[in-house]
Every structure is written in structure tokens, then in C-alpha cells.
Amino acid sequence: MDQFTIENSDGNVQLLPAINDDYGGVVVEMKEHMESDVYLKLLKTSMSHWTLQGKKGVWIKLPTRLANLVETTLKEGFWYHHAEPDYLMLVKWIPKTTSTIPLNASHCVGVGAIVLNDKREMLVVQEKNGRLGGTGVWKIPTGILEVGEDVCEGAIREVKEETGIDTEFVEVLAFRQLHKVHFGKSDLFFVCMMRPLSFDIQIQELEIEAAQVSSLWFLPFAYIILSISVFDYLEFLGSGGTTRGWWNDRRIWLYKRTSSYLFALLDTILGSDLSFVISSKVTENDLCERYEKEIMEFGGSSPLLTMVTTVSMVNLVCFLGFVTKLVSIDTGTLRAYYETMIVHMVICVSFVVLNVPLYLALFVRRDKGKIPSFVTVRSVSLSLFICTLFYFM
């Protein structure tokens, strides 16, 4: 490192050790111990010299053992740029113009690894720490790149560290960018496709709770159901409908499949002559008001309604029974339920949400559109009988 000196009437004056950078500035790297008063004199003299030379940015790198010089440097107009475990970097812009000193590293880079074997089974892990720690949620191996590490190398390392599986990098599937994540910094995350080279799972005890190979059979079905529902919802809104109207349309779709279709199947199998009650076609004012408010209309005593309410009550009883169990079971049992019955729970909760208007018509509503009391008694009795029967089987 070059050490600059200047001449004055008193002889040579020593400056701070510095080298020129490629952008018209200087970089000072302090190594030897120095008292604050001596350092201040050298700093002032050096800044005057660099100003006369037309230097722009001045970088001062202070190792942690010279932390006593930080306050002195700050008082001379320097500001913090970045810090590492063994040093602190301070900087100052000399010209009376807008500073062009680059900001500190603005992004943190992470990787996630999708490891698929020949059976299209995916390697997943449960974390002990972080937002998902202790939740029992399965996820792909993820982590942060180390200094000087490529994306492909980081993905291979993270899978090896967390699961003990050796892998081969195939390709980058996707990446995304988020802002204000790590102490105000941005985040880049790369999802990589990996091919396993070994199959003996050895989890990292410090960070990983569990690891396993999981089947992806449910993903195509989940994708199809979700995409169809989203497309249908957007199409419904584009036709002038509302969100509540779309929910009611989904409910009618469900009711048809648990009533009229089943009713027609039984009629065909039994060869019976089942008839329907002709309902009144006279429009009433309160009926029009409920229709305009998109409130579902029941108010009949059809056998189809009994089927719908019974099936809905069975689902509600099962849901309430499961919620009751959640209060009393331990964490291990709860995790086992989550791992083996997550799909069942999602379906059950979805049906309860879809049937909210029906439950209101059974127990809350008092208008003419509510479900008749004898239908309520009949469906509740049938649902309790069915659930009790299955409970003791």
C-alpha cells in the first residue's frame, strides 16, 4: 500500500496509508494501533491533501481492534457504509456534488431445491426454527448463498447439509424478488431443479426436524381444481356477478350433486315413481328482497332438501368433533393428524364454509326462506344417527 507524504516548512508530514481506487478516490486501510489524537491530525492533513488532488470518495477501513477511532472518523463527516465481522468501513464524499459512492450490498440471495427421483417423488423437510419451525409444515430444502458461491453450488450444498442427500444441479426453474426483507434489504430467491445421486436421508439435527420423500400425486388435481375455480370466478365477475353470487353458485353446484343427482340415481335403481311437489310461482315482496340481496332461498319441504341438510349436518358434526379433539390432543398426535389427514381437513372445512347459508337457514333465520322446523329436526336426527353409527363401528 502506498503511503503519501507532503512537504511543508517543517519538513515531511506523514499521511494516512492509502491507495488510489479506480474511480478517483482513495482507500485507507488502518492496520497499526494509533491513538485518537494522532489519528485525527493525520486524517485532517490527509483530507486536505486529497481535496487539493481532486479526489472524490474516501474509504476508511477500520479493523475491530481499532474501534476507538470510529467516533473520531464520524466527527470528520464520514458515515457508515458496511460492516463485516472483522472490520468496519466508513466513507466520505469530498466534492460539493451529488455522491456517486455505491450503496452497500442491496440483496440477499437464497436458493430452494426441488429434488425429484425417477418415481417423481419429491424430497421435503420440516424445519425446527424460523417461521415454519415446529408447525409440521413440509417444504423444500432452502437456504442462503455463502460469499462467492454460485446458485447451483448453493443448492447442492443446502440439500446435502439438511438431508445428507447428494444431488446434481439440473436447471433454474424460477426466481423471484422481494424488497424490505432482511433489515430493509431486498431478497432474490432461485428455485432449482435437482437430481438425487444418493438416497440415504440423514437430517441435520440442528435445523431440521424431519425429512422424507413425498408423492406429488395430489398436485395435478389441486392445480386443476384451483385453476378451474379461479377461471370460473373471474368469468362470473366479468359477467356482472358479485363475489357473494359466485359463492352461492358454488353452493348450488354442491347441492345438486348431493341431492338431485343422488335422488335420480335412487329413482333409477329402485324403479320407483317419485313425484315432486309443485311450488307456488307467485312472487312475493319479501322473496324479491331476499333475491336482490343474494340471500339463498330454501323454505320448502322437498325430500331433496332433507338430503342436502343431512349431508351438511354430518359434515358439521365431523368438523366440530375434530375441533373438539384438537383441544385435548398433544402436539405429536396433532402433527400426525396434519401429516395424514390434511386433505380430509381441507375438504371438511371447505364444505362447512360452503354450507354456512344452509346452517343459518336451519338455526338462525326467521323469515319465510328458512328451512322448515320439521326438516331441521329430521336432518339433525339422521346426521347424529349416522355419526354415532360410524363412531361405534
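Note that these values count all heavy atoms, side chains included, but never hydrogens, waters or copies made by symmetry. Numbering starts at 1 and runs along the sequence shown.
- Salt-bridge formation is detected for the pair D232/R250: a Lys NZ or Arg NE/NH1/NH2 atom is positioned less than 4.0 Å from an Asp or Glu carboxylate oxygen.
- The backbone N or O of V364 sits less than 3.5 Å from a side-chain atom of R366, completing a donor-acceptor pair.
- Side chain of S48 to main chain of K44: a donor-acceptor pair is present (N/O by atom type, distance under 3.5 Å, no hydrogens or angles).
- At a threshold of 4.5 Å between side-chain heavy atoms, the hydrophobic network of Ile, Leu, Val, Met, Phe, Trp and Tyr places L52 and V26 in two separate groups.
- For CZ of F363, the number of neighbouring non-hydrogen atoms (other residues, nucleotides, ligands) closer than 6.0 Å is greater than 12.
- Without hydrogens or angle criteria, T163 side chain to K160 main chain gives no donor-acceptor distance under 3.5 Å.
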TODO: Evaluate the side chain to side chain donor-acceptor pair (under 3.5 Å) criterion for residues T100 and Y23: first the C-alpha distance (whole Å), next the side-chain angles of each, then the deciding distance (0.1 Å), finally the verdict.
DONE: CA-CA 10 Å; T100 60; Y23 304 97; over 6 Å; no

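- If you take CG on L362 and CG on N355, they are separated by 9.5 Å, rounding to the nearest 0.5 Å.
- Here CZ of R378 is found 13.0 Å from OG of S383. Values are rounded to the nearest 0.5 Å.
- In this structure, S186 and H107 have side chains that are in contact, with non-hydrogen atoms separated by less than 4.5 Å.
- Counting only heavy atoms from C-beta outward, the side chains of T309 and T376 never approach each other to under 4.5 Å.
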- [ ] Please report the C-alpha distance between Y39 and H33 in whole Å, then the side-chain angles of each, then the deciding distance to 0.1 Å, and finally whether the side chain to side chain donor-acceptor pair (under 3.5 Å) criterion is met.
- [x] CA-CA 10 Å; Y39 170 75; H33 176 75; over 6 Å; no

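- Listed for the N117 side chain is a donor-acceptor partner under 3.5 Å among the backbone atoms of K119.
- Taking CD of E32 as the reference point, atom CE of M34 lies at 8.5 Å (rounded to 0.5 Å).
- The shortest side-chain heavy-atom distance between P357 and R251 falls under the 4.5 Å cut-off.
- Although no hydrogens or angles enter the test, the distance criterion places no donor-acceptor pair under 3.5 Å between the side chain of R365 and the main chain of I371.
- The main-chain N or O of E205 is found under 3.5 Å from a side-chain atom of K128 such that the two form a donor-acceptor pair.
- The pair E76-K92 does not meet the salt-bridge criterion, since no charged nitrogen lies less than 4.0 angstrom from a carboxylate oxygen.
- At distances below 3.5 Å, at least one donor-acceptor pair connects side-chain atoms of E149 with backbone N or O atoms of E146.
- A 4.5 Å side-chain heavy-atom check between V191 and F189 finds at least one atom pair inside the cut-off.
- Heavy-atom contacts from other residues, nucleotides or ligands closer than 6.0 Å to CG of D37 number more than 12.
- We find the CG-CD distance between N129 and E207 to be 6.5 Å, quoted to the nearest 0.5 Å.
- Under the side chain to side chain contact (heavy atoms under 4.5 Å, CB included) criterion, S36 pairs with N68, L69, T72, sequence neighbours left out.
- The backbone N or O of L42 lies less than 3.5 Å from no partner atom in the side chain of T45, so there is not a single donor-acceptor pair.
- In the model, T142 has a side-chain atom that pairs as donor or acceptor with a side-chain atom of K139 under 3.5 Å.
- At least one donor-acceptor pair closer than 3.5 Å links the side chain of Y359 to the backbone N or O of S312.
- Taking a 6.0 Å sphere around NZ of K41, one finds it holds 12 or fewer heavy atoms contributed by other residues, nucleotides or ligands.
- Summarising the geometry of I101 relative to W79, their closest heavy-atom pair is CD1-CZ2, 4.2 Å, with the distance given to 0.1 Å.
- The two atoms that bring V380 and M313 nearest to each other are CG2-CE, 4.1 Å, heavy atoms only.
- V170 and L197 fall into different hydrophobic clusters, where Ile, Leu, Val, Met, Phe, Trp and Tyr are joined by side-chain heavy atoms under 4.5 Å apart, directly or via other members.
- A 4.5 Å side-chain heavy-atom check between V349 and F351 finds every atom pair outside the cut-off.
- No path of Ile, Leu, Val, Met, Phe, Trp and Tyr side chains, each step under 4.5 Å between heavy atoms, connects F374 with V377, placing them in separate hydrophobic clusters.
- The two residues S198 and G164 come nearest to each other via the heavy atoms OG-O, 4.1 Å.
- The heavy-atom pair separating C387 from V317 by the smallest distance is SG-CG1, 3.6 Å.
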- [ ] Give the intermediate values and the outcome of side-chain contact (heavy atoms from CB on, under 4.5 Å) for residues T98 and W93.
- [x] CA-CA 9 Å; T98 302; W93 183 252; over 6 Å; no

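- Separating the CD1 atom in I19 from the CH2 atom in W59 is a distance of 12.5 Å, to the nearest 0.5 Å.
- A salt bridge is absent between R157 and E153; no separation between the charged side-chain nitrogens and carboxylate oxygens falls under 4.0 Å.
- Scanning all heavy atoms of the two residues, the minimum distance from T242 to G245 falls at OG1-N, 3.0 Å.
- When all heavy atoms of H81 and P102 are compared, the closest pair comes out as NE2-O, 2.7 Å.
- With hydrogens and angles disregarded, a donor-acceptor distance shorter than 3.5 Å links the side chain of D21 to the backbone of G24.
- Counting side-chain heavy-atom gaps under 4.5 Å among Ile, Leu, Val, Met, Phe, Trp and Tyr, the cluster of V159 also holds V109, V111, V115, L123, V125, L145, V151, I156, I165, F169, V172, F175, L188, F190, M194, I201, I203, I208, V213.
- Taking 4.5 Å as the limit, some side-chain heavy atom of V28 sits within range of a side-chain heavy atom of W50.
- By the 4.5 Å heavy-atom criterion applied to side chains, K61 and V27 are not counted as neighbours.
- Between L88 and Y80 there is a side-chain heavy-atom pair separated by less than 4.5 Å.
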